[in-house]
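Here is the structure we will look at, set down as structure tokens.
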Amino acid sequence: MKAIIPAAGWGTRMLPAAKAVPKELLPVLDRPTIQYVVEEAVAAGCADVLLITQRDKRAIEDHFDRNAELEARLTASNKIELLASVLKLAEHVQIHAVRQAEQRGLGHAVLQAAAHVGNAPCLCLLGDTIFSTSATDVPLPSAQLINAHHKLGGTIIGLEEVPAEKVGRYGIAGGAMISPGLMKLSTLIEKPTVESAPSRLAIAARYVLAPSIFSHLQKTPPGKGNEIQLTDAIRLSIDAGEPVHGVVLSARRHDIGNPLDWLLTNIIYASRDPTLWPRIKAMVAELH
Ligand code: UTP
């Protein structure tokens with residue numbers, strides 16, 4: 001399956017940090033956020049990844065490009081581990097890029113992938129969100145969704161339970177739970193009020209999209225925020241009687257699209273690093 005990574009948004013919540021450096025390139029510990037996203041797609045078996053960027057975010061493409069001069073320099077100075085770290089991904093995946101000329105919403109960004117994806121399902125991962133699981137043998141969300149797609153076909157949406165006061169920030173799924181953690185969707189509502197929310201299960205940055213999504217997106221009028229919403233196009237797919245399921249993800253979501261959550265994500269990842277954490281923990285304990 002091909003993977004697509006929308007990363008063309010303005011990232012206003014991350015200003016001024018994300019003015020010249022795309023938010024997707026801000027690091028979590030030792031590597032840019034979007035590298036974790038590509039690694040997740042590769043771990044799920046995707047060998048072809050399309051980045052959806054924009055003219056001011058070309059550094060994202062540069063990050064995944066080979067750099068012969070840098071590689072020669074690392075080889076000459078015998079920095080073998082560093083060299084391996086910059087080459088590792090390139091061996092497993094072909095990265096492509098397309099530009100979204102105007103920021104007309106996530107749905108419009110996904111539409112830019114139509115020609116590259118063709119008439120096949122694709123994995124869609126938002127470039128500003130990463131996930132961690134409780135153990136290394138628990139697969140990341142992309143693999144969980146692709147597994148579900150192999151069993152059920154159609155569109156599969158990653159879901160996460162959110163507290164009632166936060167439903168207004170997300171696309172919320174409604175439908176019937178057909179087995180633990182698996183919902184057959186009958187509706188999707190973008191940023192509902194608490195009263196109108198059909199559940200507390202929010203769309204969580206990962207999807208397997210059936211190929212019909214592109215024709216639905218072409219018919220989707222601008223919605224919330226005058227943007228073409230992917231949520232609205234998936235609702236058209238539900239209304240057309242196509243199978244759309246939601247999988248409650250066994251994973252923790254880390255959104256790096258705002259300063260607080262980006263910092264917390266770094267602290268959480270540091271806390272799992274046995275060499276870093278004792279030093280950071282001791283330093284944090286000394287504060288105040
Ligand atoms: P967000 O809602 O986080 O918007 O987009 P944003 O523009 O990135 O950030 P803020 O709200 O201004 O701080 C969700 C996802 O959709 C992509 C973003 O890159 C992000 O991965 N997106 C959004 C696009 O690719 N194009 C768009 O026109 C809008």
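Numbering of ligands and ligand atoms starts at 1, following listing order. None of the values given here were measured: they were computed from a predicted structure. What you see below is based on every heavy atom in this structure, not just the backbone, and it leaves out hydrogens, waters and symmetry mates.
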Completion exercise
Residues with a heavy atom under 4.0 Å from ligand 1, by chain and number, are Pro6, Ala7, Ala8, Gly9, Trp10, Gly11, Thr12, Arg13, Lys23, Glu24, Gln100, Gln103, Arg104, Gly105, Leu106, Ala109, Leu126, Gly127, Asp128
Problem - Greater than 12 external heavy atoms within 6.0 Å of Arg31's CZ - result: yes
Practice task
Evaluate whether atom CZ of Arg272 has more than 12 neighbouring non-hydrogen atoms of other residues, nucleotides or ligands under 6.0 angstrom away.
Solution key: yes
Review item, side-chain donor-acceptor pairs of residues 157-169, under 3.5 Å, at least two apart:
from   : atom 1 : to     : atom 2 : distance (Å)
Glu160 : OE1    : Arg253 : NE     : 2.8
Glu160 : OE1    : Arg253 : NH2    : 3.0
Glu161 : OE2    : Arg200 : NH2    : 3.2

Exercise for the section: Report yes if some heavy atom in the side chain of Val110 is under 4.5 Å from a heavy atom in the side chain of Tyr207; otherwise report no. Expected result: no
Practice task
State which residues pass side chain to side chain donor-acceptor pair (under 3.5 Å) with Thr220; sequence neighbours excluded, sorted by chain then number.
Solution key: none
Problem - Pairs satisfying side chain to side chain donor-acceptor pair (under 3.5 Å), at least one member in residues 67-88, at least two apart - result: Arg66-Glu71
